[in-house]
Amino acid sequence: MRIITKTSELAELVSDRNPKHLSLPESFRSDANQFDRGLSYTLQNSFTVEGKATFENKNSRIKVLPCSEPRSQFSLNGSKFPLKAELCEKGNHNIQLGKVKIIEHPLAWMLAFGMYAEFELEESSFPTFDYCDKVYLDGMKDNIKSLKHRSKIGVLNPLGIVWEKGYCILEPPQSELEAENLVIDHQVNYPGSTVGRSRLVCEFSPERFSYFADARTTAFRTKMEAEQFYQIGLAGGLKDYPFTLENVILLDEEKIYNPREKFFDQTSGIDFEFLCHEMIDISSWLRFVEEEYNGRYVGKMTTYLFDHHKQIDIAQFVCNQQYMKKFNSEIVSI
């Protein structure tokens, strides 16, 4: 990856973005008034979620517990992995912490609510749930307790991280909205008209997340492949991989095969589920930053082609304050 900090270079990087951006409908909010954004939280009591481990395709239970250490942690077969970016590994297109795989979805839940938790797994990979992060929202209902105050944190100066394809730009707050929230400006680039060059600008708040936490993992395929997957889904799913028409949103260049009504906006005619799940996936790495610096991240993040391995790269960079200072940036209290 390459680090850029010059204003002219950052402007050039975003010069070809889609000039028209989408915003989530105002109705895409749910009540989350019990959360004070200036506080961190944990659970009062543990709860268990069940599903098929994604890579093992085996029934698996995951116990989610109150946090007993300063950092959240994940454990498998007695091995514990605190939430440190340096422990991440690049595996099969996911965020992997030590031996524990596909942690991006629970990380997004923790980021949205300032939640500290521990996870005990029976298999190495998290399940792909039918309603994604809703299982964690259900588990924390009437089951949270506050921990301590969290200062707002963010980057001191704008910086961009650029890969051969794709980039992520971090900026300090430049508006009242950004001073209170993480604001994400995310663009995708897919063939056809179903998604195309969509660009969504959205604040990542407890209220927004409470609404779109159940947005499903995406399966984008060519028309021929999507038709085949759809028939497989109708027949009960894949034999060796826990894919069903309930736990993924299946789409090709022209249509969504299994839409859910709650994500369709009548006014614009847009189905937002794909982009809502993108918000879950691309935000999760910031949980490493919050736990490293004991704060609540605010400001603006602009992304393009920002996959999970790139998120590991940037997490390891931003969590290394000495390295960041070499580029005239650091994480500071806002």
Side-chain angles (χ1 to χ4, degrees), residues 35 39-148 150 209-210 213-214 216-217 241-242 247 280-281 283-292 294 308 311-312 315-316 319:
F35 288 92
L39 296 175
S40 58
Y41 293 89
T42 192
L43 301 168
Q44 290 184 2
N45 301 294
S46 62
F47 64 89
T48 300
V49 295
E50 299 184 13
K52 279 203 170 182
T54 302
F55 293 146
E56 294 85 358
N57 196 23
K58 294 180 180 178
N59 292 332
S60 178
R61 291 181 301 176
I62 297 168
K63 193 171 185 179
V64 189
L65 304 95
C67 205
S68 60
E69 303 289 341
R71 287 184 190 256
S72 299
Q73 64 181 6
F74 295 72
S75 63
L76 174 68
N77 297 327
S79 297
K80 295 184 177 182
F81 307 97
L83 196 60
K84 295 183 178 182
E86 63 199 63
L87 300 179
C88 283
E89 300 181 12
K90 292 182 179 179
N92 185 2
H93 186 59
N94 73 101
I95 297 180
Q96 179 175 335
L97 183 72
K99 299 176 182 178
V100 181
K101 304 166 186 175
I102 318 183
I103 69 169
E104 53 267 18
H105 297 164
L107 287 189
W109 165 63
M110 296 158 71
L111 179 71
F113 300 104
M115 187 68 61
Y116 285 75
E118 298 180 6
F119 301 81
E120 295 180 354
L121 284 75
E122 292 182 342
E123 303 291 338
S124 70
S125 61
F126 274 81
T128 302
F129 293 112
D130 289 355
Y131 293 91
C132 196
D133 276 342
K134 186 177 182 296
V135 294
Y136 306 114
L137 269 66
D138 292 343
M140 75 177 185
K141 186 176 181 181
D142 301 321
N143 187 28
I144 60 171
K145 64 179 180 181
S146 60
L147 291 175
K148 59 182 179 180
R150 293 196 302 163
F209 190 86
S210 293
D214 57 348
R216 292 167 290 177
T217 294
Y241 188 84
N247 65 11
I280 295 172
D281 273 352
S283 64
S284 55
W285 73 275
L286 281 165
R287 187 61 199 171
F288 288 101
V289 180
E290 290 195 338
E291 299 218 6
E292 182 70 28
N294 296 310
H308 293 312
Q311 291 158 37
I312 292 174
Q316 292 176 339
C319 288

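Residue K63 places its NZ atom among 12 or fewer non-hydrogen atoms of other residues, nucleotides or ligands, all under 6.0 Å distant.
Salt bridge status for K80 with E69: absent, with no side-chain N to carboxylate O gap under 4.0 Å.
Judged by distance alone, with hydrogens and angles left aside, the side-chain atoms of Q316 form a donor-acceptor pair with the main-chain N or O of A85 at under 3.5 Å. Under a 3.5 Å cut-off, the side chain of E122 and the backbone N or O of R61 do form a donor-acceptor pair. Formation of a donor-acceptor pair under 3.5 Å by the S72 side chain with backbone atoms of A117 is found in this model. Here the side chain of N94 pairs a donor or acceptor atom with the backbone of I102 at under 3.5 angstrom. Side-chain N or O atoms of S125 include one that pairs as donor or acceptor with a backbone N or O of F55 at under 3.5 Å. The main-chain N or O of Y116 is found under 3.5 Å from a side-chain atom of T42 such that the two form a donor-acceptor pair.
Side-chain atoms of F288 and I95, non-hydrogen and from C-beta on, do get closer than 4.5 Å to each other. At a threshold of 4.5 Å between non-hydrogen side-chain atoms, the residues V135 and V64 do not count as touching. Put simply, the side chain of I62 reaches to within 4.5 Å of the side chain of P127, judged on heavy atoms.
Taking all atoms of both residues into account, the shortest heavy-atom contact from F126 to T54 is O-OG1, 2.7 Å. Nearest heavy-atom pair across M140 and L43 is CB-CD2, 4.0 Å.
Of the candidates T128, D281, D133, H105 forms a side-chain hydrogen bond (donor to acceptor under 3.5 Å, both in side chains) with just one, namely D281.
Remark: N92 CG to K101 NZ distance equals 8.0 Å, nearest 0.5 Å. Between K99 atom NZ and L76 atom CG the span is 7.0 Å, to the nearest 0.5 Å.
Taking the six-membered ring for Trp and the full ring otherwise, F35 and Y41 have centroids separated by under 6.0 Å. A ring-centre distance under 6.0 Å is not found for F81 and F74.
Side-chain contact check for E118 and S68: at least one donor-acceptor pair (N or O, by modelled atom type) lies under 3.5 Å.
Considering only residues two or more places apart in sequence or on other chains, K84 meets the side chain to side chain contact (heavy atoms under 4.5 Å, CB included) condition with R71, P82, E86, L87.
Using the six-membered ring where Trp is involved, H308 and H93 have ring planes that are tilted, between 30° and 60° apart.
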